[in-house]
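Have a look at the structure below, then the notes.
Computed from a prediction, not measured in an experiment: that's the story for all the values here. A, B, ... follow the sequence lines: proteins, then strands. Residue 1 opens every chain.
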Amino acid sequence: MQEYDFKKIEEKWAKYWVEKKSYKAEDFSEKPKFYVLSEFFGPNGKGIHLGHVKCFTPTDIIARYMRFKGYNVLYPAGWDAFGLPTENYAIKTGEQPIAVTERNVQKFKSQLTRMGYSFDWDREIGTSDEDYYKWTQWIFLQLYNNGLAYKASGEVNFCPQCKTVLSNEDSQGGLCDRCHGEVVRRQRDVWYLKMQSYSDKMLEDVENIDMKESLKDSQRNWIGRSVGAEIVFPIKDSEEGLKVFTTRPDTIYGVTFMVIAPEHPLTKSDKLKNIDEVNAYKAEASKKSSIERSANKDKTGVRLDGITALNPITNKEIPVYISDYVMMDYGTGAIMAVPAHDDRDYEFAKKFGIPIVQVIEGGDISESAYTGDGVHINSGNLNNLGVKEAISLMIETLEKMGCGHEMVNYKMQDWPFNRQRYWGEPFPIVFCDECGIVPLDEKDLPLVLPKTDDFIPNETGASPLSKLSDWVNCKCPKCGKPAVRETDTMPNWAGSSWYWLRYLDPKNDKEFVSQDKLNYWGQVDLYTGGVEHVTRHMLYASFWNNFLYDIGKVPNKTAFKRRMCNGLVLDSEGKKMSKSSGNAIDPIDVVSEYGADTFRLHMMFIGEYEKNNNWTLKGITGIKRFLNGVWSLQDMVKGDEVSKEHEFILHNLIKRCDTTIYDANPEHTSYEQHNDFKFNTVIANMMTFMNKIREDGWITKEELRSFLVLLNPFAPFITAELYEIVFGGDIVNEKFPEFDESKTVTSTVEIPVQVKGKRKAVINISAVAEESEALAEAVKAIGISADDVKKVIYKQGKIINLIV
RNA sequence: GCCGAAGUGGCGGAAUGGCAGACGCAGCAGACUCAAAAUCUGCCGUGAGCAAUCACGUACGGGUUCAAGUCCCGUCUUCGGCACCA
């Protein structure tokens with residue numbers, strides 16, 4: 001036996017698999033298909049990090065396992081290449097983003113290959129490739145032509161550091177997703193995608209994707225559907241009305257004031273008498289960042305002199321205030337305030353000395369608002385009704401009067417889709433003095449991103465492309481007169497909103513993907529990635545897929561069947577790893593020292609897939625010893641004798657693999673039904689198997705064959721090499737062994753004898769012994785008379801419990 | 001504040017309501033060695049005991065059950081997400 005030289009072995013096989021295209025997925029096959037995908041990522045200059053290893057190792061294990069199980073497996077990889085990290089790096093160094101990307105991609109590809117990931121590299125895609133973004137632009141055209149993309153002036157999140165507009169998804173918590181700097185609100189020209197109109201379809205996806213309830217919750221929370229009513233409050237001596245959204249139209253009798261957001265158009269009304277005071281407040285509010293605005297919960301505001309609203313039900317006069325606790329981008333930017341039953345309104349009323357009128361019975365409102373349930377009081381025809389009935393009756397009343405109607409509101413906003421950056425997909429849009437906004441013709445795609453040396457973002461917020469007058473000035477595709485191009489580019493998330501589809505048909509230059517291939521591959525069976533993408537990428541993906549479904553371009557409404565989110569790898573103290581804190585570990589160092597097989601097993605062994613875990617090399621010794629043992633199996637092969645004990649552990653190990661690596665049962669469609677992804681326990685069972693074999697000192701050839709196949713998904717290199725040495729040939733042609741249920745049980749078992757739940761003895765007994773037999777053994781073992789036993793609880797093969 | 005997840009040895013972590021601590025690391029003792037590494041053998045939750053054994057033990061307080069880490073009620077702690085959403 002040669003020494004276990006992981007370096008030599010891993011180099012040999014990594015090269016072999018790429019050259020042989022061992023993991024090529026067949027388009028169309030007799031075999032059942034299985035599409036497993038881990039999120040692709042931006043190829044930055046740093047190379048892979050531990051998070052990639054934690055994310056890709058499990059899907060690689062599953063891909064290899066499913067191939068052995070007879071599936072036609074699609075396990076592709078690619079690059080989310082348009083993005084700020086690359087562009088920022090390019091700006092810093094002056095190098096072309098495209099060159100930076102190419103170099104980084106090569107680095108990542110070689111590192112992933114070194115880890116032994118079994119990607120089908122023939123399907124590699126990159127979002128910044130012309131033949132890819134051609135189709136991203138094509139989808140944008142479909143959106144535009146279907147009225148789902150529009151240009152408007154709006155107040156949007158803007159990152160002063162990155163000098164670009166951001167979506168709400170990109171600025172969660174008021175911080176830029178990229179640079180983590182504070183985001184400000186700015187009035188700008190914005191290309192919006194009408195994502196809000198897809199809210200309900202996206203909510204259906206939330207229900208249809210098989211994932212953890214907590215993840216579904218955060219998506220539901222982000223979409224933020226709430227049912228209520230829109231009510232128009234007339235303004236005294238005016239034709240105008242003040243529109244509000246409320247979930248509690250039943251409390252309209254308790255309205256004692258109204259509040260509008262600082263950005264609300266009513267603040268520009270010519271009826272307003274204290275313009276200076278109001279403008280001063282507006283100026284103050286606009287200076288605050290969204291973080292400051294929400295952190296400071298102290299209520300401030302100014303009453304609008306000269307503007308009085310009228311309660312449409314009671315006709316009572318109501319004062320109107322401006323305050324920054326009302327947001328312009330939710331609902332109508334105005335509220336009816338019911339201080340008796342809303343905490344924020346209560347606080348505001350107390351501060352400004354506004355009356356508080358209780359309309360729901362049940363709570364004490366002397367100290368705080370009462371937000372609980374109860375019947376209505378002081379509410380005209382709603383009196384004595386419960387909340388639910390009162391809401392329906394009030395909506396009915398308002399509809400009859402013509403001053404309100406039922407309405408659904410969403411927290412999720414339309415998607416601001418343009419960025420003032422160079423490194424992104426150009427919009428296939430032209431502005432013409434005659435024709436207005438004109439989309440390019442599909443045959444003119446791709447609209448290629450022009451080369452330039454000056455890709456630095458502009459202080460004024462104009463895109464770098466605007467400086468390229470040769471490119472900007474063009475002819476209107478409609479009338480042929482001089483026109484200009486849109487110079488903003490699409491956001492980072494554009495290319496990733498449909499990429500899983502392109503893997504099905506990555507080289508197609510006629511269609512974004514052929515219908516045949518879409519029909520064959522269908523949904524992504526398993527999609528894994530970071531939990532942070534659940535309220536970002538997953539929502540965008542859901543939106544685009546639903547849209548493509550609606551226009552008949554994809555066969556499935558929901559793109560992903562199942563989603564799993566991996567936990568983070570933190571440093572040994574539980575802190576996030578980063579280059580700046582100096583606690584980052586380079587996975588390649590670990591591979592060099594221990595080998596990819598050991599590293600993969602170690603990563604899977606130290607923690608659960610979904611949980612965060614603290615990185616440590618403590619314990620990798622155990623994995624090393626295990627693989628050394630596996631290597632020495634080649635010298636322990638002996639005859640064809642069978643042993644019951646070996647059969648028992650082997651068949652139990654196969655069973656364990658089948659039940660805990662991946663649950664492919666199509667009837668299991670909810671998170672609760674799955675019992676898989678427990679890679680650490682599978683490895684523990686393999687160690688137990690090895691311990692037994694080493695104790696006995698021998699293994700049969702067929703047992704070794706089975707064991708190598710079981711271990712191969714976890715440690716592909718060493719098993720491929722051993723297989724070649726012992727059996728000759730390539731292990732990828734093997735089938736996953738099947739277990740025989742009858743061999744997973746033993747004929748006799750040791751079961752505990754308990755007396756009132758306390759263990760008193762252990763008896764050795766037939767696994768299928770009758771109760772009488774077990775009882776006889778049990779009383780003998782603990783030395784009592786069978787007459788003393790009042791009650792017996794006997795679970796065959798498990799336990800016997802006596803009450804004496 | 002709201003929502004969610006989790007609390008088990010020195011450590012990472014196992015346990016369809018059925019012998020808590022599988023498997024691994026570390027540690028201790030021993031074998032091999034001039035020595036070290038590697039490897040092998042044994043021990044390894046806490047307390048008492050020479051020992052067999054006994055008692056206690058899964059964040060805390062109750063409860064259900066023949067039997068609870070697991071189910072129910074309450075409390076505490078930690079982590080994550082959202083946050084003036086009308």
Side-chain angles (χ1 to χ4, degrees), chain A residues 172-174 212-218 220-222 224-226 228 244-248 251 258-259 261 290-291 293-299 323-327 329-338 341-345 347-348 409-413 531-532 534-535 567-568 570 572 574 601-602 605-608 610-626 628-629 632 659 675 678 680-691 694 750-762 790-795 797-804:
Chain A
Q172 298 189 20
K212 243 186 177 173
E213 201 53 31
S214 61
L215 301 176
K216 293 188 174 201
D217 264 351
S218 52
R220 289 188 197 110
N221 199 16
W222 186 260
R225 182 182 204 266
S226 53
V244 302
F245 171 75
T246 177
T247 53
R248 295 295 302 276
T251 59
M258 298 183 79
V259 187
S290 46
I291 295 193
R293 214 165 136 169
S294 58
N296 177 19
K297 308 238 160 158
D298 254 3
K299 298 287 175 287
S323 173
D324 65 5
Y325 83 90
V326 172
M327 308 293 152
D329 54 13
Y330 183 75
T332 61
I335 61 160
M336 56 176 232
V338 185
H341 306 292
D342 182 283
D343 294 325
R344 297 148 301 171
D345 298 347
E347 210 185 306
F348 193 89
N409 226 317
Y410 302 93
K411 273 202 267 185
M412 188 178 71
Q413 306 288 313
V531 68
E532 73 280 8
V534 163
T535 52
L568 300 171
L570 305 167
S572 56
L601 280 165
H602 178 64
F605 194 59
I606 57 175
E608 229 177 87
E610 291 180 285
K611 274 201 204 141
N612 290 351
N613 55 266
N614 298 359
W615 175 250
T616 172
L617 276 171
K618 241 180 161 183
I620 201 166
T621 321
I623 302 289
K624 228 166 91 182
R625 288 177 187 149
F626 169 67
N628 280 333
S632 65
T659 50
N675 188 39
K678 295 180 186 164
N680 53 345
T681 63
V682 179
I683 295 166
N685 275 259
M686 291 184 175
M687 288 172 166
T688 308
F689 176 86
M690 274 302 298
N691 289 345
R694 292 169 90 174
E750 280 196 344
I751 68 166
V753 181
Q754 295 187 337
V755 175
K756 265 211 105 192
K758 295 265 176 208
R759 197 192 76 133
K760 292 293 174 194
V762 176
K790 286 211 190 94
K791 194 176 168 195
V792 181
I793 296 108
Y794 174 58
K795 295 281 171 195
K798 287 268 190 240
I799 201 164
I800 181 163
N801 194 2
L802 309 175
I803 315 298
V804 295

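Between A:Ile800 and the choices A:Val755, A:Val792, A:Ile793, the side-chain contact (heavy atoms from CB on, under 4.5 Å) rule is met once, by A:Val792.
At the heavy-atom level, A:Arg225 lies nowhere under 4.0 Å from the strands shown. Among the protein residues, A:Asn691 comes within range of the sugar-phosphate backbone only, with heavy atoms under 4.0 Å from sugar or phosphate atoms but none that close to a base. When heavy atoms are screened at a 4.0 angstrom cut-off, A:Glu213 is found touching no nucleic acid atom at all.
Side-chain proximity of A:Val762 to B:C66, B:C19, B:C84: nearest is B:C19. Nearest to the side chain of A:Arg625, among B:U39, B:C19, B:C82, sits B:U39. Closest contact between the side chain of A:Asp217 and the listed nucleotides B:C23, B:C40, B:G4 involves B:G4.
Residue whose closest nucleotide on RNA chain B sits further toward the 5' end, between A:Ser218 and A:Leu215: A:Leu215. Along RNA chain B, the nucleotide nearest to A:Ile751 and the one nearest to A:Tyr410 differ in position, and the one closer to the 5' end is contacted by A:Ile751.
Taking every heavy atom of both residues into account, A:Asn613 and A:Gly607 meet most closely at OD1-CA, 4.4 Å. Closest of all the heavy-atom pairs between A:Arg694 and A:Arg625 is NH1-O, 3.8 Å.
Base-pair partner of B:U53: B:A48 (Watson-Crick or G-U wobble, both distances under 3.5 Å). Both distances falling under 3.5 Å, in either a Watson-Crick or a G-U wobble arrangement, place B:C66 opposite B:G18. Nucleotide B:G42 is matched to B:C28 when pairs are restricted to Watson-Crick or G-U wobble geometry with both distances under 3.5 angstrom. Taking a pair to require two hydrogen-bonding distances under 3.5 Å in either a Watson-Crick or a G-U wobble arrangement, B:A5 pairs with B:U78. Here B:G12 sits opposite B:C23 as a Watson-Crick or G-U wobble pair (both hydrogen-bonding atom distances under 3.5 Å). Checking B:A83 for Watson-Crick or G-U wobble geometry (two distances, each under 3.5 Å) identifies no partner in any strand.
One C1' atom belongs to B:U70, the other to B:A59, and the distance between them is 16 Å to the nearest Å. Nucleotides B:A83 and B:G47 are separated by 50 Å at their P atoms, to the nearest Å.
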Quiz item: What string of B, S and - do you get for nucleotides 11-18 of chain B, 5' to 3', if B is base contact, S is sugar-phosphate-only contact and - is no contact with any protein heavy atom under 4.0 Å?
Solution: -BSSSB-B
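For B:A67, neither phosphate oxygen OP1 nor OP2 lies less than 4.0 angstrom from any side-chain nitrogen or oxygen of A:Arg759. Regarding contacts with the backbone of B:G80, every side-chain N or O of A:Ser214 stays at 4.0 angstrom or more from both OP1 and OP2.
Here the P atom of nucleotide B:G81 and the CD atom of A:Glu610 are 16 Å apart, to the nearest Å. Look at CG on A:Asn409: it is 8 Å from P on B:A86, rounded to the nearest Å.
Not a single donor-acceptor pair under 3.5 Å links the side chain of A:Asn680 to the backbone N or O of A:Glu608. Using modelled atom types, no side-chain atom of A:His602 and backbone atom of A:Lys624 make a donor-acceptor pair closer than 3.5 Å.
The shortest distance between side-chain heavy atoms of A:Asp345 and A:Ile335 falls below 4.5 Å.
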Practice problem: Would you check, one step at a time, whether the test side chain to side chain contact (heavy atoms under 4.5 Å, CB included) holds for A:Asn801 with A:Lys795? | Solution: CA-CA 9 Å; A:Asn801 194 2; A:Lys795 295 281 171 195; over 6 Å; no
Quiz item: So A:Thr251 and A:Asp342, side chain to side chain contact (heavy atoms under 4.5 Å, CB included) or not? Walk me through it.
Solution: CA-CA 10 Å; A:Thr251 59; A:Asp342 182 283; over 6 Å; no
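Glycosidic torsion of B:G9 falls within 90° of 0, placing the base in syn.
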